[in-house]
Amino acid sequence: MNRIWAGIDCGKTHHHCVTMDADGKTLLSRRVANDEPELLQLLGDVLDIADGREVTWAMDMTGGEPGLLIATLINHAQELLYIPGRMVNRASDAYRGEGKTDARDARIIADQARMRRDLQPIRPGDEATIELRLLTSHRVDLVADRTRTINRLRSVLTSMFPALERALELTNAGPLVLLTGYQTPAALRRIGASRLTTWLRNRKVRGAENLAKAAVEAAERQHTAVAGEKVIAKMAHTLAKEVMALNEKIAEIDKLIEGRFREHELAEVILSMPGMGPKLGAEFLVAVGGSLDGFPTADRLAAFGGVAPAPHDSGKTSGNLRRPQRYHRRLQRVFYTSALVSAWSDPNSKRFYDRKRAEGKSHVQAVLALARRRVNVLWALIRDRRCYQVLPPATAC
């Protein structure tokens, strides 16, 4: 075969590259800095070794640390393949030696790229998709930070004032505003429900009266001050402020995501699908690389998104389907969440969901079956560049 393969084990400051020919013979093994001159020198040396043969590059990451490497290879029209780290780890058991080094991992990546035909290509994304990838990744980090901070706030409140922690829904804005002013049972009893309601209304809290009543009732059930109450109250105040700040950052980035998503050529088609909003639509575009060029069939897209069961047959056992092990987690979340929403917002989806439930499927199984059916619809809509339309049910003649 007139081709060589270059496997790269990606790192933060350095990458390791191993190239091999069709017979599996190592042609080059080198550690290179994550710096443009070094990467260009590596590219030139690999092309010299190829001596006119095609070069296929393979790596275990698709963004982040190897971003400069990927951009350099794409700018020079090189073919790139993605091999998941999980696949590399499993394949390493079949290779000689038990030690783990960057050179060994790079050789495994190159060898797997040489032998396998099911690896996904890494394609250059359009500017909108790249921006959406950055924005959605940042949003995921912010949401994770908010969840951690809320959990810390719950823990702090429980250690000082468990009745208040039970009474407040800390994912809502109103309870957070309350905690910026009042945290202890004594403070809530002193202000009373009436004045607390006024205080909350002045800060534009919705449902101020019910929230104030619940907080004061919790204060009436606890007259004991725990040790370190003043410090704990200060911590609760600080954590509540942090959650509010994170909420503002998430709301701001949501606006950026929606604005950038609506500029994409597929935005109108995707938004026409029931259950698909700007955030889920942006996640979908990021997962598929901005187009369906890498998914010639709806089945391929469903398998990539983890909503198509994988066969698990052995011996005389056949027709045994199980949840797939390799799939895009965030894309599965997009398919599942949008299907869940459409099950009550779209009449066609609701009928399909109800039919699956009547067949004895569990809630999760019915939603996954609906998600699989919707993948076919979405794939066809994007292929034909047309929007989804709700058709009335056919009437019997």
Side-chain angles (χ1 to χ4, degrees), residues 134-261 277-280 282-283 330 333 337 340-341 344:
L134 295 172
L135 291 172
T136 54
S137 296
H138 185 44
R139 186 183 190 278
V140 169
D141 292 339
L142 289 175
V143 170
D145 290 342
R146 180 177 64 181
T147 301
R148 284 192 293 268
T149 307
I150 289 175
N151 289 338
R152 290 176 58 199
L153 178 56
R154 290 187 187 280
S155 177
V156 166
L157 273 181
T158 301
S159 68
M160 176 188 67
F161 194 175
L164 184 62
E165 190 277 332
R166 291 193 302 268
L168 300 183
E169 181 51 66
L170 297 179
T171 56
N172 295 336
L176 296 173
V177 174
L178 184 147
L179 288 174
T180 61
Y182 302 92
Q183 305 86 25
T184 65
L188 288 170
R189 285 196 300 270
R190 281 195 301 269
I191 189 173
S194 178
R195 286 192 297 161
L196 182 58
T197 299
T198 302
W199 186 86
L200 291 171
R201 283 175 177 167
N202 290 339
R203 285 154 181 79
K204 300 179 180 180
V205 173
R206 290 186 293 181
E209 184 176 355
N210 292 334
L211 177 59
K213 181 180 178 181
V216 173
E217 286 179 354
E220 293 294 343
R221 291 195 294 272
Q222 180 175 329
H223 292 264
T224 301
V226 302
E229 184 180 72
K230 290 183 179 179
V231 174
I232 296 175
K234 180 62 177 177
M235 292 172 61
H237 171 273
T238 301
L239 290 171
K241 285 282 191 180
E242 290 180 7
V243 176
M244 293 172 65
L246 287 168
N247 283 338
E248 292 178 1
K249 291 181 180 179
I250 292 172
E252 180 181 351
I253 204 167
D254 283 346
K255 292 180 180 178
L256 294 175
I257 290 173
E258 180 174 358
R260 198 65 185 94
F261 169 73
K279 289 191 287 291
L280 290 179
E283 291 275 7
R330 288 170 68 176
R333 174 184 169 275
T337 304
L340 188 64
V341 173
W344 57 264

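By convention here, the first residue in the shown sequence is residue 1.
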side-chain contact (heavy atoms from CB on, under 4.5 Å), that's the test. Do Q222 and F161 meet it? Break it down for me. CA-CA 8 Å; Q222 180 175 329; F161 194 175; 3.4 Å; yes
Minimum heavy-atom distance [X]-[Y], with the two atoms named:
{"X": "A167", "Y": "A214", "result": "CB-O, 4.2 Å"}
{"X": "L170", "Y": "I150", "result": "O-CD1, 4.0 Å"}
{"X": "I232", "Y": "S159", "result": "CD1-OG, 3.9 Å"}
{"X": "L157", "Y": "A236", "result": "CD2-CB, 4.4 Å"}
{"X": "A215", "Y": "L196", "result": "CB-CD2, 4.2 Å"}
{"X": "A240", "Y": "T180", "result": "CB-CG2, 4.2 Å"}

Kindly check if the number of other-residue, nucleotide or ligand heavy atoms within 6.0 Å of CD (E217) is above 12? yes
Can you establish whether the number of heavy atoms outside R221 located under 6.0 Å from its atom CZ is more than 12? yes
Which distance, rounded to the nearest 0.5 Å, do you find between the [atom1] of [X] and the [atom2] of [Y]?
{"X": "R260", "Y": "T136", "atom1": "CZ", "atom2": "OG1", "result": "13.0 Å"}
{"X": "T184", "Y": "E229", "atom1": "OG1", "atom2": "CD", "result": "5.0 Å"}
{"X": "L239", "Y": "N151", "atom1": "CG", "atom2": "CG", "result": "11.0 Å"}
{"X": "L168", "Y": "L211", "atom1": "CG", "atom2": "CG", "result": "6.5 Å"}
{"X": "L142", "Y": "T147", "atom1": "CG", "atom2": "OG1", "result": "10.5 Å"}
{"X": "K279", "Y": "T337", "atom1": "NZ", "atom2": "OG1", "result": "11.5 Å"}

Side chain to side chain, [X] and [Y], heavy atoms closer than 4.5 Å:
{"X": "V205", "Y": "L178", "value": "no"}
{"X": "M160", "Y": "M235", "value": "no"}
{"X": "V243", "Y": "L179", "value": "no"}
{"X": "V341", "Y": "L280", "value": "no"}
{"X": "T197", "Y": "K213", "value": "no"}

Going by ring pair (Phe, Tyr, Trp, His ring centres under 6.0 Å), name the pairs with one or both residues in residues 220-253, residues two or more places apart or in two chains. none
Pairs touching residues 143-169 that satisfy salt bridge (charged side-chain N to carboxylate O under 4.0 Å, His left out), sequence neighbours left out: D145-R148, R154-E165, R154-E169
According to the salt bridge (charged side-chain N to carboxylate O under 4.0 Å, His left out) rule, which pairs have a member within residues 173-202, sequence neighbours left out? R201-E209
Counting N and O atoms only, with roles assigned by atom type, does the side chain of S137 sit under 3.5 Å from a partner on the main chain of L134, one being a donor and the other an acceptor? no
E258 side chain vs D254 backbone, donor-acceptor pair below 3.5 Å: no
Output, in order, the C-alpha distance, side-chain angles, deciding distance and verdict of side-chain contact (heavy atoms from CB on, under 4.5 Å) for L164 and L188. CA-CA 10 Å; L164 184 62; L188 288 170; 4.3 Å; yes
